[in-house]
Number of protein chains: 2
Amino acid sequence: MRPSKKDELVRKALDVYYRHGFHASGMDLVAKETGISKTAIYNHFRTKDDLILAVIQLRDEEFRAWMVSRIEALGDTAESRLLAVFDAHAEWFAQKGFFGCLFIKACAEFQDVDHPIHQQSCAHQRQALAYYHDLAKKAGFSSPADIALSIWLLAQGAIVAAVMGVVDDPAGDARKAAVTLLCTAKRQD
Amino acid sequence: MRPSKKDELVRKALDVYYRHGFHASGMDLVAKETGISKTAIYNHFRTKDDLILAVIQLRDEEFRAWMVSRIEALGDTAESRLLAVFDAHAEWFAQKGFFGCLFIKACAEFQDVDHPIHQQSCAHQRQALAYYHDLAKKAGFSSPADIALSIWLLAQGAIVAAVMGVVDDPAGDARKAAVTLLCTAKRQD
DNA sequence: GACTTTAAATACCGATCGGTACATTTAGTA
DNA sequence: TACTAAATGTACCGATCGGTATTTAAAGTC
């Protein structure tokens with residue numbers, strides 16, 4: 001089999017799980033939506049959890065690559081990129097198929113901290129934080145860890161707000177708070 | 001039947017759903033864990049969704065009451081209470097049975113924005129924001145809406161961080177950012 | 001104590017769950 | 001073209017899903 005077949009399956013399965021949830025999507029539905037029979041699916045993956053794990057990993061790679069590319073396109077310096085984080089999130093929220101953060105949802109459905117799906121989802125979030133930390137260091141802030149964490153917390157809050165429709169422009173609101181935090185931190189340098 | 005019987009059912013069902021998730025918890029499990037037969041459950045609630053909705057409503061009342069009482073105990077002025085929000089969250093995260101925010105998880109499992117469970121969960125979050133807004137107004141900030149939203153975003157981010165174990169003390173980290181924001185806002189008054 | 005009414009327990013419904021045995025098709029080899 | 005091996009689709013497995021019909025137990029009422 002060509003590797004693209006397997007990748008195609010995972011990508012289509014990602015759509016299904018993202019839209020309908022993990023436990024709510026049975027293997028029959030996945031088979032129907034992907035156009036690949038259950039037998040073929042189970043030829044590639046031993047269990048449903050294995051498939052979901054592959055879905056999480058694909059989303060991890062694709063989404064992180066997309067987010068980084070947007071941040072780097074929207075900001076030309078390390079400091080401006082810390083704010084571009086929220087512009088990129090605003091773009092994400094505005095996408096037609098936006099249904100929240102797959103990793104937050106995965107942790108919500110697979111609560112056991114030892115579960116691979118849970119751990120993989122957490123790893124994604126840590127990498128996001130690490131990226132912000134890198135930006136904060138390059139921007140020359142005296143306490144880059146605090147800056148990075150603030151950005152991360154505001155971004156995650158914005159995602160929750162976007163899903164729950166608490167405010168109209170969660171990314172913009174989070175950005176305003178981030179501007180204040182960065183300005184204050186800069187003044188102390 | 002006495003009303004306490006029904007309340008007892010809902011409270012025990014809350015435990016089950018909070019620990020195992022909504023779709024992952026079948027009615028047979030709920031019956032076993034609550035010690036109430038399915039027939040009795042369906043005598044009180046027409047469908048599983050109705051039971052879940054009652055669970056969400058109970059959690060809404062109980063959790064909001066608990067959070068407000070802790071915030072008011074931990075802070076004696078409106079401004080200090082805006083920071084006590086994070087101390088209360090720290091207490092919550094430290095509780096043995098902490099498994100994240102039920103409302104975030106409910107929205108993750110019931111994505112349809114028209115679904116009553118989804119809407120009820122969103123309503124809870126809006127009420128939290130409204131409470132922060134009230135505190136910000138009483139504290140005399142010039143733009144209480146921005147302050148309240150910042151607090152809310154940081155708190156939600158802290159919850160996500162607590163669930164995903166991204167950092168050791170998410171509530172404390174969020175508090176630090178909030179302190180900076182409140183100080184900056186105060187200076188502009 | 002006999003009778004009625006109400007509530008809960010058991011057993012069961014069709015549908016769907018995750019997963020698989022087996023028949024069928026396809027592709028490669030000679 | 002005959003044969004083999006890999007991949008696929010179909011049909012099905014026991015278990016469990018949400019929900020209910022029926023039976024059993026409990027509580028009044030006279």
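Residue numbers begin at 1 in each chain, while the letters A, B, ... track the order of the sequences. On a predicted model such as this, the values are computed, not experimentally measured, just so you know.
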Q: Using the six-membered ring wherever Trp is involved, compare the ring planes of A/F63 and A/H124 and label them parallel, tilted or perpendicular (cut-offs 30° and 60°).
A: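 Tilted.
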For the side chain of [X], starting at C-beta, report the closest nucleotide among [options].
X	options	answer
A/S37	C/dA8, D/dT8, D/dG19	D/dT8
B/K38	D/dT10, C/dT10, D/dG18	D/dG18
A/N43	D/dG19, D/dA7, C/dA8	D/dA7
A/D28	D/dT8, C/dA11, C/dC17	C/dC17

Between [N] ([atom2]) and [X] ([atom1]): distance, integer Å:
X	N	atom1	atom2	answer
B/I36	C/dA7	CD1	C1'	13 Å
B/K32	D/dA15	NZ	C1'	14 Å
A/L51	C/dC17	CG	P	15 Å
A/K48	D/dA15	NZ	P	19 Å
A/D49	C/dG18	CG	C1'	10 Å
A/F45	C/dG18	CZ	C1'	16 Å
B/H23	C/dG18	NE2	P	12 Å
B/Y42	C/dT6	OH	P	24 Å

**Q.** Along DNA chain D (nearest heavy atom to each residue), the more 5'-positioned of B/M27 and A/A40
**A.**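 This one resolves to A/A40.
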Q: First locate atom NZ of B/K176, then atom CG of A/D146, and finally report the distance between them rounded to the nearest 0.5 Å.
A: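 Answer rounded to 0.5 Å: 3.5 Å.
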Q | Side-chain donor/acceptor of A/K48 to backbone N/O of A/F22, under 3.5 Å | A |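 It does hold such a pair.
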Q. For A/V85, does its backbone N or O pair with a side-chain atom of A/H89 as donor and acceptor, under 3.5 Å?
A.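 Side chain of A/H89 to backbone of A/V85, a donor-acceptor pair under 3.5 Å: yes, one is there.
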Q. Checking only heavy atoms, does the side chain of B/T39 share a donor-acceptor pair with the base of C/dT10 at less than 3.5 Å?
A.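 Result: at least one qualifying N/O pair found.
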**Q.** Ring-ring centroid check B/F110 B/H23, cutoff 6.0 Å
**A.**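 So the answer is yes for these two rings.
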